[in-house]
Amino acid sequence: MAGGFLGKTLAAVSLSVALASVTVKSLGSCSVAACRNSLSSCRFHVNSNMMSGFNGTKENSHNKARTSPYPGSKVQRSQVPNDKVDWLVEWHDYNPVEYTAVSVLAGPQWADPQITESNFSPKFNEKDGQVERKSQNGLYEVKNGRPRNPAGRTGLVGRGLLGRWGPNHAADPIITRWKRDRSGNKITHPISGKNILQFVAIKRKDCGEWAIPGGMVDPGEKISATLKREFGEEALNSLQKSSAEKRELQEKLQKLFNQEHLVIYKGYVDDPRNTDNAWMETEAVNYHDETGEIMDNLTLEAGDDAGKVKWMDISDKLKLYASHAQFIKSVAEKRDAHWSKDSETGCPG
């Protein structure tokens with residue numbers, strides 16, 4: 001890679017599907033503007049050895065971002081072996097496939113123009129008008145005018161299905177309650193002895209996988225507003241309600257979303273839509289209905305991008321989209337709820 005390190009550590013952040021620790025380094029104390037326009041003067045380095053997750057295997061990190069075919073297409077990524085993921089590893093023969101979906105190239109409101117268009121000058125690593133181009137994990141490198149995925153190579157350049165060059169910000173509301181019997185008593189797991197937690201899950205229309213409700217943060221929108229909006233649209237079908245029904249729904253949702261909550265995760269996520277130049281970041285937040293009374297007054301109804309919606313028991317048997325199982329595991333640990341038959345008490349360091 002062009003340029004050498006000056007050896008100055010920029011920050012230490014939390015990153016990846018596994019919520020593992022990573023190291024962030026820069027070439028020096030360059031300005032955001034300089035970094036934005038530089039080919040190699042500033043570097044955001046994700047140490048792939050540190051992206052191993054709870055199971056400690058490097059093979060399971062940055063995995064979904066290297067899967068083929070690319071979602072919604074027959075496009076095959078160039079294969080990227082585990083030891084070549086890190087941008088710091090020289091790979092002169094790296095020849096990623098170029099792909100941006102037709103739906104993105106059509107120029108919808110939520111998408112950037114092509115990077116080569118003369119009237120498009122994105123301010124990477126900054127708030128660019130109403131568009132947030134800062135990463136929650138710190139500065140990322142911009143090379144040849146294109147932002148580089150901070151987690152490493154994916155075998156595909158362009159934007160794929162993602163609208164923004166660089167970080168594409170989303171919000172995932174994790175709504176939970178205790179599983180109860182007909183008498184209203186909490187149900188405990190017979191082996192772990194811990195109470196069983198449930199969360200609202202949706203079945204995505206695009207891939208058929210079960211997931212946490214959620215979606216993209218609109219330009220200028222606060223995360224808190226996105227969390228409430230996306231839950232209403234996907235789990236309560238708010239878009240199809242009458243004006244009166246929407247007002248009633250909003251009043252009930254206010255009770256849920258105005259209470260204390262837990263921020264479970266903020267940052268980069270391993271997502272099958274990620275490319276070398278565009279990637280997903282999210283803020284996953286847990287809103288817990290302790291008594292169950294709030295959610296008892298709300299009828300789940302799939303809407304928008306969701307094909308189905310239901311309450312799902314939380315355990316290590318869950319198979320969920322992208323990084324969602326890790327987020328749910330973290331919720332179970334923080335709520336001291338059942339996760340697995342041999343789970344330990346408490347949260348990982």
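These values consider heavy atoms only, across backbone and side chains, with no hydrogens, waters or symmetry-generated copies.
- Note on ring orientation: taking the six-membered ring where Trp is involved, the planes of Tyr94 and Trp87 are perpendicular (angle over 60°, cut-offs 30° and 60°).
- Within the 4.5 Å cutoff, no side-chain heavy atoms of Ile314 are placed close to those of His338.
- Defined by atom type and a distance below 3.5 Å, a donor-acceptor pair is missing between the side-chain atoms of Thr176 and Gln198.
- The pair Lys241-Glu301 counts as a salt bridge, with a side-chain nitrogen and a carboxylate oxygen less than 4.0 angstrom apart.
- Considering only heavy atoms from C-beta on, Phe124 stays 4.5 Å or farther from Lys134 through its side chain.
- Residues Tyr268 and Ser323 have side chains not in contact (no heavy-atom distance under 4.5 Å, counting atoms from C-beta outward).
- Hydrophobic clustering, defined by side-chain heavy atoms of Ile, Leu, Val, Met, Phe, Trp and Tyr closer than 4.5 Å, leaves Val157 isolated from every other such residue.
- In this structure, the side chain of Asp271 does not engage the main chain of Met280 through any donor-acceptor pair within 3.5 Å.
- Pairs of residues two or more places apart, or lying in two chains, that qualify as side-chain hydrogen bond (donor to acceptor under 3.5 Å, both in side chains) and include a residue from residues 160-175 are Asp112-Arg164, Asp172-Thr282.
- What you find for Ala325 and Trp339 is that their closest heavy atoms are O-CH2, 3.9 Å.
- Checking Ser238 against Glu233 by side-chain atom types alone, no donor-acceptor pair falls below 3.5 Å.
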Pair Glu221, Arg229 - check side-chain contact (heavy atoms from CB on, under 4.5 Å), show working. CA-CA 11 Å; Glu221 186 178 40; Arg229 174 176 58 78; 2.9 Å; yes
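- Residues Arg77 and Val97 are not in side-chain contact: their nearest non-hydrogen atoms beyond the backbone lie 4.5 Å or more apart.
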